[in-house]
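To find a chain, count down the sequence lines: A is the first, B the second, and so on, and within it residues start at 1.
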Number of protein chains: 2
Amino acid sequence: MAKNTIRNMEEFAALSGISRPTVSKYFNDPESVRTSTRKRIEEALEKYEYRPNMFAINQNRKLTKNLGIVVPYLADPFFAELARNIEQRCIAAGFRPTLYSSHGDQELENDILDSLRSLKPAGVLLAPLGRTSDRAIVEKFCADIPTVIFDSFLPDMGFAFVGSDNWQFARLIVEYLCRTGEPPSFLEMKTPSNPNANRRRKGYIEAMERLGHEPQIVKVDGEGWEFEEIGRREGGKALAAGLFKSNTILCSNDRLAIGFLAACFEQKIRVGRDPDCQIRVAGHDDHPFSRFTCPPLTTIAQDYDAISRCAVETLFKAIEGSENKHETTLFEGKLVMRDSA
Amino acid sequence: MAKNTIRNMEEFAALSGISRPTVSKYFNDPESVRTSTRKRIEEALEKYEYRPNMFAINQNRKLTKNLGIVVPYLADPFFAELARNIEQRCIAAGFRPTLYSSHGDQELENDILDSLRSLKPAGVLLAPLGRTSDRAIVEKFCADIPTVIFDSFLPDMGFAFVGSDNWQFARLIVEYLCRTGEPPSFLEMKTPSNPNANRRRKGYIEAMERLGHEPQIVKVDGEGWEFEEIGRREGGKALAAGLFKSNTILCSNDRLAIGFLAACFEQKIRVGRDPDCQIRVAGHDDHPFSRFTCPPLTTIAQDYDAISRCAVETLFKAIEGSENKHETTLFEGKLVMRDSA
DNA sequence: CCCAAAACTTTGCGCGCGTAAAATTTTAGT
DNA sequence: ACTAAAATTTTACGCGCGCAAAGTTTTGGG
C-alpha cells in the first residue's frame, strides 16, 4: 500500500524507524544486523518497495558486486549455454553478472573490456577470441581486474585458466574411431579462430602416431565464426575433390561437422556406422544441436557444468585475494556415441 | 605517456587546462564545445587516459544512456542473432546496451525487469516470454520505463510492438505447400511458449480453408524451450502412430522442425521433394541452423534486420518523448525454398 | 542486578560528477 | 576597433550512499 515514491535511504530509514547507516549495513549484508532489526526492515521493505540506488552504492564502494562475463560469439549455442550456466552461479552467489559477446570482432572485444573497466567489476570471466584477441589489451586488463580466462587459452594471462583437455579429447575420439573402423582424417580451418583447434590437431596427430597410423590433416579456407557454412562449402569441396584419404572424418568442432554433414547430404553420401554408409563423421564439443543432426553426431562432450563451476569458483578465490598463480585446470571430455561414427 | 592515475575529472581538467564543467560538457556531447577546446581535451585524453566514472555520471543524470535488451531464451540462436543486431544499432547510436536472457523462466524475467529498473535505463527492448510472462509485472514495468516489445506480442503494453506478420507467414507457406503437393498438416506444441504460435496456427487454418482444404492440427506434449527435443521425441511419436493425415508437415517453428527431421531420420523416412521421398517438412523463422539440416529446411524467413532496425528506431522515438500509441508494426516473411518441402 | 560485548544510532565527511547562475572571455559580424 | 552573441570559467550546491568515529542502547552471562 501507499507506495509513496521513496527517494532515498534516508526516507526509507525514517519510515522503518531505523537509522540510515544500519539500513545501509542491512543492504550490504542482511545477516550483519540483529534479527529484530532485520525483521523490521524487511517489513518496511514490503510495505514501501524501496531499493537502494545502484549508482550511489557503487560510487563509494571499493569493490562492487558486479561481474563481467565475456564470450567470443554468443550466437553459438555452445557459448550461450556456457554463459547461462555461469550467469546462474554468479547470481546465486549474490553477484550481478553482465553478459557480453565479442561477436568475433577484436575491436568489439577491446571495447567491451574498456567499458567493463568503468563498471569497476569485482571480477571478470573471459572467454577470449583467442587467436584474434589483442594480447596486449587483454593482458593489461587482467593485470587491473581479477580475471579468469576460460575456454580459450591465452598464455600468462589472468588469475587462472579453466578449459577442456583438448589433447585428451582428440585421443579419446581417435582411439574410438580407430577401434571401430578406419583411422580418421582431420578436418579443420586453415586459420582457426579458436586456439583449442591447435591442441586438437596436435592431439589427433599424437594419437594417430601412437596407434601406428599416418595422420592426415585437411585444412580448408574460411575466416570468421560461420563454421557451419565453412564446413558445408569448403568441407564439401574437399570431399568432392576426394581429398580425404580416409572414409572417417574427424572435425575440429561440432559446428564444422554440422556443416560437413550438410555437404555429405548434398553429395548424397550416406553418413553413419551402418554397412550401407560410405563415410563416418565425428566432432568435438557436444554442441547443443549435435544430437539433432542426421545422423546424430558422434562427438566428445565438453563438461559444461564442471567448466562453469570451476571458472566461477576460481574467480571467487581471485576476488577474495588469493595469490595469482596462473593455474590451469582442464576437464576431460566424454565420448558421446551417436550414429554418425 | 606518464599515465599517472588520474582520480577524477577535476584533475583531468586541470591537466588539460580546461575548467571541469566544460570538460563535463564535452563528455556529454563533444560537439557542444568549441573546436579548439575539443582539440585540447582530446589531446589530453590521449596523453592521460582518463575516463569519467560511470556511477558518478549516472547518479545525477535524469536520463542515463543505458539501454536494456531482454530476450526469452538466449541459447536459441534466433534470439542471439536478433540481440546481436539490436545491440550493434544501440551502440552505434551512442547508447550502452546490456543484454539479458530470461532463460525461459518467469521468475528470472521478473528479476531482470527488477534489476533493470535500478539501472535507470533510458529505454528497454523487451522480447517477453509470452504466455508465461507475468503480465502485471511487465505492464507495470512498461508504464515506468520506455519499452518497446518485440517478437512476442503482449496486448496493450509498452510503447509499441514490433514483430512478424505471422498470419502472412502461414498463408505464404501453406499456399506454397498446397501448390506443390499435398496440403500440410500442422505440428505444434500443446501449450506453446511463444504466442506467435497461436497466430501461426490460425493463419494456417484460415489459409487452408480459403484453399478449400481441411486443416489438421497435431498438438504434441512438451513444456519449456527445448523445442528440438520435443519435435524429435513427441513429433516422432505422432509420426510413428500415423497421426498425420498429410504427407506434408508444417511445423510451428524451425526448432520443432529440426527435431522432427531428426525423428524422420530415426524412422528412416525420407524427407524432401524428390519422388523417392515419403514426407515433406517445413517450418517458420529461418533459424540460423535451418540451412544445415538434412535436407535443408524450407521455411519462412523472419526479417531479422527490419525487425531489429524498427524496434530500435521506435525505442528512440519513445525515449525522445513521443506519445505512447501502442503502435504495432509487423514485417512480412519471405519464403525460403530449400529441399525439405 | 551488574558488566562487558555486541549491536545500534548519531554525526559528519567525502565520493565524482551534474547542473545552475553569474562573471568573464572569446568569437563573429560590421 | 567596437559590440552583441556565444562559449567558457567560476562558484556553489546537491545527488544518494559508504564509511568511520564516538556515543548510546541492547544483549547475554555470571
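Rounded to an integer number of Å, the gap from CZ of A:Phe55 to P of D:dG14 is 23 Å. Distance, B:Glu10 CD to D:dT10 C1': 11 Å, rounded to whole Å. Across the protein-nucleic acid pair, B:Lys65 atom NZ and C:dG18 atom P stand 13 Å apart, rounded to whole Å. Rounded to a whole Å, the CE atom of B:Met54 is 21 Å from the P atom of D:dC15. A:Asn28 has its CG atom 10 Å from the C1' atom of D:dC19, to the nearest Å. Nucleotide D:dT24 holds its C1' atom 15 Å from the CD1 atom of A:Ile18, rounded to whole Å. Regarding B:Tyr26, its OH atom lies at a distance of 17 Å from the C1' atom of C:dC17, rounded to whole Å. One interatomic measurement links the two molecules: CD1 of A:Ile6 to C1' of D:dC15, which rounds to 17 Å at whole-angstrom precision.
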Tell me, with the steps shown, if A:Glu109 and A:Ser133 meet side-chain hydrogen bond (donor to acceptor under 3.5 Å, both in side chains). CA-CA 8 Å; A:Glu109 183 172 87; A:Ser133 281; 2.7 Å; yes
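In this structure, A:Asn58 reaches neither bases nor backbone, as no heavy-atom distance under 4.0 Å exists between it and the strands shown. In this structure, A:Thr22 reaches the bases: a heavy-atom distance under 4.0 Å links it to at least one base atom across the strands shown.
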Contacts under 3.5 Å, N or O only, protein and nucleotides 14-16 of chain C:
from: C:dG14; atom 1: N2; to: A:Asn60; atom 2: ND2; distance (Å): 2.9
from: C:dC15; atom 1: O2; to: A:Asn60; atom 2: OD1; distance (Å): 2.4
from: C:dC15; atom 1: O2; to: A:Asn60; atom 2: ND2; distance (Å): 3.2
from: C:dG16; atom 1: O4'; to: A:Gln59; atom 2: NE2; distance (Å): 3.4
from: C:dG16; atom 1: N2; to: B:Gln59; atom 2: OE1; distance (Å): 3.3
from: C:dG16; atom 1: N2; to: B:Asn60; atom 2: ND2; distance (Å): 3.1
from: C:dG16; atom 1: N3; to: A:Gln59; atom 2: NE2; distance (Å): 3.0

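With hydrogens and angles left out, the side-chain atoms of A:Glu11 and A:Tyr50 include no donor and acceptor closer than 3.5 Å. Between the side chains of B:Arg20 and B:Asn8, no donor-acceptor pair is found at a separation under 3.5 Å. Side-chain contact of A:Ser115 with A:Ser118: a donor-acceptor pair under 3.5 Å is absent, judged by distance alone. Side-chain atoms of A:Ser164 and A:Gln302 include a donor-acceptor pair closer than 3.5 Å.
Of all the residues in residues 33-43 of chain A, A:Val33, A:Arg34, A:Thr37 reach under 4.0 Å from DNA chain C with at least one non-hydrogen atom.
Relative orientation of the B:Tyr48 and B:Phe12 rings is perpendicular, given thresholds of 30° and 60° on the angle between their planes. Taking the six-membered ring where the residue is Trp, B:Tyr73 and B:Trp225 present parallel rings, their angle staying beneath 30° rather than reaching 60°.
Side-chain contact between A:Phe141 and A:Leu116 is present, with at least one heavy-atom pair separated by less than 4.5 Å.
The base of D:dG16 lies outside donor-acceptor range of the side chain of A:Arg20, with no N or O pair under 3.5 Å.
For the side chain to side chain contact (heavy atoms under 4.5 Å, CB included) test, residues two or more places apart in sequence or in another chain that qualify with A:Glu313 are A:Arg309.
The phosphate of D:dG18 has OP1 or OP2 within less than 4.0 Å of a side-chain N or O from A:Ser24. Taking side-chain N and O atoms only, B:Ser19 has no distance below 4.0 Å to OP1 or OP2 of D:dT8.
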